[in-house]
Amino acid sequence: YILFPLFLLLQKKNIKLFALLTILLFIASQAVHLWYYPKRGFIDDSLVDFIFFNPFIHINQFLVGMLGGYLFLKLKEKGYTSAWVPTLLFALIILLIAYRPANISYHTGLIAPLFVLLIVSIALKNNTMLNLKGFVFLGDISFGIYILQMPVHDLLVYFNPKYLHVPDAYFFWFSLGILLLFSAICHYIIERPLRKLINP
């Protein structure tokens with residue numbers, strides 16, 4: 001996030017260089033991750049964690065997303081829209097997830113370009129269903145969902161056997177509800193006030 005303004009500046013100054021950088025980092029990240037992934041059981045845990053969670057390995061996903069934003073703006077200017085593209089991409093993503101080979105990992109964004117194209121194609125359709133208040137609200141609290149998922153999960157795993165006694169069959173849905181609640185609270189008491197402070 002600290003690097004975002006620099007990447008945005010590069011994108012505005014030279015989109016071809018930005019695209020080339022994105023492609024090179026994407027290829028390098030996938031090469032490193034896919035090389036070590038089948039060997040992860042035989043590598044020291046600290047090295048596995050370093051590779052698996054290293055921000056520089058994941059920065060390609062961020063850049064792919066930025067490239068998707070640029071693509072969306074350009075296609076929107078041209079009035080591009082397609083009714084069947086989102087359905088096709090969604091089906092392809094489902095197939096890739098369902099039939100992923102055991103020694104292939106999507107953790108560093110191997111299929112991120114497909115997700116970006118799916119998001120762009122849905123946005124270009126101006127889908128009225130996604131403009132419903134419930135979906136907009138989920139979008140507003142999505143950063144909280146992303147950043148709080150592990151802390152909330154770990155707290156519930158700790159407290160559930162002692163105090164809550166939620167059956168395993170319902171624990172996922174209970175956790176999801178609590179996560180949405182915490183994300184909404186953080187959105188209203190932290191995110192929105194900070195946004196107003198930054199952009200009065």
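- Inter-residue side-chain proximity for F135 and D140 is flagged as unmet; no heavy-atom pair is nearer than 4.5 Å.
- Grouping the Ile, Leu, Val, Met, Phe, Trp and Tyr side chains by contacts below 4.5 angstrom, directly or via other members, places I178 with L176.
- Looking only at side-chain heavy atoms (C-beta outward), L118 and L92 stay at 4.5 Å or farther from each other.
- Note: the hydrophobic cluster containing I119 does not contain Y106 (ILVMFWY, side chain heavy atoms under 4.5 Å, direct or indirect links).
- Listed for the R195 side chain is no donor-acceptor partner under 3.5 Å among the backbone atoms of N199.
- To the nearest 0.5 Å, atom CZ of residue R192 and atom SG of residue C186 are 14.0 Å apart.
- Between L180 and I141 there is a side-chain heavy-atom pair separated by less than 4.5 Å.
- A single hydrophobic cluster is not seen to contain both I185 and M150; linkage of ILVMFWY side chains at heavy-atom distances under 4.5 Å, directly or through other members, places them apart.
- Linking ILVMFWY side-chain heavy atoms closer than 4.5 Å, directly or via other members, places F182 and I190 in two distinct hydrophobic clusters.
- When the shell of 6.0 Å around NZ of K133 is examined, it contains 12 or fewer heavy atoms from other residues, nucleotides or ligands.
- Side-chain contact between P113 and F26: present, with at least one pair of heavy atoms (C-beta onward) separated by less than 4.5 Å.
- If you look at F52 and H33, their ring centroids are closer than 6.0 Å.
- Looking at every heavy atom in both residues, Y37 comes nearest to N103 through CD2-O, 3.7 Å.
- Transitive grouping of hydrophobic side chains (ILVMFWY, heavy atoms separated by less than 4.5 Å) brings Y36 and F53 into a common cluster.
- At least one side-chain heavy atom of L117 sits less than 4.5 Å from a side-chain heavy atom of L71.
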Item to check | Pair T22-V64, side chain to side chain contact (heavy atoms under 4.5 Å, CB included): steps then yes or no | outcome: CA-CA 6 Å; T22 302; V64 167; 3.9 Å; yes
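- The two residues V166 and N160 have their closest heavy-atom pair at N-OD1, 2.7 Å.
- Taking CZ of F56 as the reference point, atom CZ of F50 lies at 9.0 Å (rounded to 0.5 Å).
- Aromatic ring centres of F18 and Y70 lie farther apart than the 6.0 Å criterion allows.
- Between V157 and F171, the closest side-chain pair of non-hydrogen atoms falls below 4.5 Å.
- Rounded to the nearest 0.5 angstrom, L73 CG and K78 NZ are separated by 12.5 Å.
- More than 12 non-hydrogen atoms from other residues, nucleotides or ligands lie less than 6.0 angstrom from CG of D49.
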Next on the checklist: Checking I111 against I97 for the side chain to side chain contact (heavy atoms under 4.5 Å, CB included) test, could you report, in this order, the C-alpha distance in whole Å, the side-chain angles of both residues, the deciding distance, and whether it holds?
Outcome noted: CA-CA 9 Å; I111 59 174; I97 292 171; 4.2 Å; yes
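- With ring centers used as reference points, F174 lies 6.0 Å or more from Y170.
- A distance of 10.5 Å separates CG of D154 from CD of Q149, quoted to the nearest 0.5 Å.
- Residues V116 and L67 are not in side-chain contact: their nearest non-hydrogen atoms beyond the backbone lie 4.5 Å or more apart.
- Defined by atom type and a distance below 3.5 Å, a donor-acceptor pair is present between the side-chain atoms of T108 and Q30.
- Across every non-hydrogen atom of E191 and F143, the tightest pair is OE1-CB, 4.2 Å.
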Next on the checklist: Could you walk me through whether Y80 and K74 satisfy the side chain to side chain contact (heavy atoms under 4.5 Å, CB included) test, starting with their C-alpha distance in whole Å, then the side-chain angles of each, then the deciding distance to 0.1 Å, before giving a yes or no?
Outcome noted: CA-CA 9 Å; Y80 177 84; K74 288 298 176 184; over 6 Å; no
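- Side-chain contact between F172 and H153 is absent, with no heavy-atom pair separated by less than 4.5 Å.
- Taking each heavy atom of I57 and S29 in turn, the nearest pair found is O-OG, 3.1 Å.
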Next on the checklist: If you apply the rule side chain to side chain contact (heavy atoms under 4.5 Å, CB included), what do you find for F90 with L95, and how did you get there?
Outcome noted: CA-CA 9 Å; F90 183 73; L95 286 172; over 6 Å; no
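- The heavy-atom pair separating K125 from P86 by the smallest distance is CD-CG, 3.6 Å.
- Aromatic ring pairs are classed by plane angle as parallel below 30°, tilted from 30° to 60° and perpendicular above 60°; the pair F62 and F7 is tilted.
- With rounding to the nearest 0.5 angstrom, the CG atom of L89 is 12.0 Å from the CD1 atom of I94.
- Looking at every heavy atom in both residues, H165 comes nearest to K162 through NE2-O, 3.5 Å.
- Once rounded to the nearest 0.5 Å, the distance linking CG of L9 with CG of L3 reads 12.5 Å.
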